[in-house]
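This report refers to the structure that appears directly beneath it.
Here, residue 1 is the first one in the sequence, and each next residue gets the next number. Whatever order the structure lists ligands and atoms in, that order sets their numbers, starting from 1.
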Amino acid sequence: MFDRVRVVLVNTSHPGNIGGAARAMKNMGLTRLVLVDPERYPDPNAQARASGADDVLAGAQVVATLEEAIADCTLVMGTSARDRRIPWPVVDPREAASKVLDQLEVLDSAEIALVFGREDSGLTSEELQRCQFHVHIPSNPEFSSLNLGAAVQVLAYELRMAYLQRQGQPTKMHKLETTNRQNEIPATAEDLERYFTHLEQVLMEIGFLDPAKPRQLMPRLRRLYGRVQINQVEMNILRGILTETQKAIGVQASGERRR
Ligand code: SAH
């Protein structure tokens with residue numbers, strides 16, 4: 001789904017981080033990886049950290065310079081853990097994702113690069129100046145630098161979230177419980193009336209509601225229950241509690257005294 005977005009890793013020293021980045025990308029649906037002059041690559045450590053994302057690694061393009069990596073790009077976002085001397089438009093990963101999607105939507109020929117720097121020194125000022133935006137992950141200012149793979153993960157995640165939201169696709173896994181239809185169906189007005197009648201009766205039986213002085217108890221309880229949409233399973237539970245309460249105090253569910 002992000003075939004026009006590439007992740008560019010500049011001069012990476014640890015092959016494990018290349019693998020970690022590939023994995024983070026594949027988890028979020030990104031596939032295009034470009035490696036600018038990696039120190040050690042290919043390397044078994046990259047393979048090992050990629051886990052199942054070997055295809056992303058195998059498809060990685062290796063180039064000599066950042067210029068080559070971004071030559072055909074219409075939008076280049078550079079990531080940086082630090083403030084640089086020259087002020088530049090800075091966005092957080094969420095804003096960055098929104099800009100990326102905006103361009104993908106309006107421009108058929110969009111080619112977008114997310115550029116990540118060296119583990120020890122990040123991107124140089126010259127490299128950052130080749131980017132239209134700087135993306136800063138708002139980390140702890142006293143410990144601001146994330147692991148390279150982790151930084152790729154944050155950006156890729158925001159991109160995926162923004163994409164899912166724009167597509168109107170769910171961003172949450174459905175809980176297993178909702179596979180039970182009764183949990184999805186709200187109780188009907190009739191169910192609720194039957195419940196309130198039963199509740200009122202039990203409240204009188206246990207001496208909580210005095211019919212001579214009802215003190216707006218039932219309207220208040222109706223308002224309380226009205227704030228949550230009770231489903232059919234929950235309705236059955238509530239009715240069951242009333243029935244068991246009546247048994248415990250020696251009253252038949254019909255309302256007759258047992259003893
Ligand atoms: N000491 C370097 C840290 C490099 S961390 C520096 O100060 O720039 C390696 C790479 O991970 C960075 O070049 C950047 O691409 C990314 N990264 C790490 N922390 C980040 C942060 N808080 N915001 C944005 N990118 C970050």
Side-chain angles (χ1 to χ4, degrees), residues 2 5-28 30-41 43 45-46 48-50 53 56-57 60-71 73 75-101 103 111-163:
F2 293 119
V5 180
R6 72 192 70 173
V7 167
V8 179
L9 305 183
V10 178
N11 218 197
T12 311
S13 353
H14 300 291
N17 282 335
I18 298 177
R23 181 178 185 173
M25 288 169 61
K26 187 168 178 182
N27 281 146
M28 299 297 124
L30 278 89
T31 51
R32 287 179 59 200
L33 179 60
V34 182
L35 306 172
V36 177
D37 188 25
E39 275 188 25
R40 280 188 286 145
Y41 188 80
D43 187 285
N45 284 319
R49 285 277 304 279
V56 174
L57 269 191
Q61 200 189 339
V62 181
V63 297
T65 62
L66 176 61
E67 288 90 313
E68 269 180 76
I70 60 173
C73 286
L75 178 63
V76 181
M77 299 261 180
T79 53
S80 174
R82 288 178 292 154
D83 266 346
R84 304 285 162 158
R85 257 155 287 156
I86 324 122
W88 216 260
V90 178
V91 290
D92 66 29
R94 204 155 292 177
E95 292 165 330
S98 152
K99 288 189 186 301
V100 168
L101 291 182
Q103 188 172 104
E111 280 292 338
I112 299 171
L114 306 175
V115 185
F116 295 83
R118 299 156 189 82
E119 291 94 330
D120 52 353
S121 55
L123 293 168
T124 64
S125 299
E126 201 198 26
E127 285 162 348
L128 278 166
Q129 286 166 28
R130 293 182 187 273
C131 308
Q132 281 103 50
F133 293 95
H134 293 172
V135 189
H136 176 70
I137 300 164
S139 46
N140 174 2
E142 270 127 55
F143 192 63
S144 65
S145 167
L146 278 77
N147 163 265
L148 178 58
V152 171
Q153 184 76 78
V154 172
L155 263 80
Y157 168 75
E158 288 294 346
L159 213 49
R160 184 175 184 79
M161 279 298 274
Y163 172 81

Angle between ring planes, His134 versus Trp88, binned at 30° and 60°: parallel, tilted or perpendicular? parallel
Any donor-acceptor N/O pair, Gln61 side chain to Val34 backbone, under 3.5 Å: no
Using 4.0 Å as the upper bound for N to carboxylate O, is an ion pair formed by Glu111 and Arg32? yes
With sequence neighbours excluded, residues passing salt bridge (Lys or Arg N to Asp or Glu O under 4.0 Å) with Arg160: none
Walk me through it: do Val100 and Phe133 pass the test side chain to side chain contact (heavy atoms under 4.5 Å, CB included)? CA-CA 11 Å; Val100 168; Phe133 293 95; over 6 Å; no
Write out each pair where an N or O from ligand 1 and one from the protein are under 3.5 Å apart, with the distance.
{"residue": "ligand 1", "atom": "1 (N)", "partner": "Asp120", "partner atom": "O", "Å": "3.1"}
{"residue": "ligand 1", "atom": "7 (O)", "partner": "Arg82", "partner atom": "NE", "Å": "2.6"}
{"residue": "ligand 1", "atom": "8 (O)", "partner": "Arg84", "partner atom": "NH2", "Å": "3.4"}
{"residue": "ligand 1", "atom": "13 (O)", "partner": "Gly117", "partner atom": "N", "Å": "3.0"}
{"residue": "ligand 1", "atom": "15 (O)", "partner": "Thr79", "partner atom": "OG1", "Å": "2.5"}
{"residue": "ligand 1", "atom": "15 (O)", "partner": "Gly117", "partner atom": "N", "Å": "3.0"}
{"residue": "ligand 1", "atom": "19 (N)", "partner": "Leu146", "partner atom": "N", "Å": "2.8"}
{"residue": "ligand 1", "atom": "22 (N)", "partner": "Ile137", "partner atom": "O", "Å": "3.2"}
{"residue": "ligand 1", "atom": "22 (N)", "partner": "Ser139", "partner atom": "OG", "Å": "3.2"}
{"residue": "ligand 1", "atom": "22 (N)", "partner": "Ser144", "partner atom": "O", "Å": "2.9"}
{"residue": "ligand 1", "atom": "23 (N)", "partner": "Ser80", "partner atom": "O", "Å": "3.3"}
{"residue": "ligand 1", "atom": "23 (N)", "partner": "Ile137", "partner atom": "N", "Å": "2.8"}

Go through Arg130 and Glu67 one step at a time and tell me if the side chain to side chain contact (heavy atoms under 4.5 Å, CB included) criterion holds. CA-CA 8 Å; Arg130 293 182 187 273; Glu67 288 90 313; 3.3 Å; yes
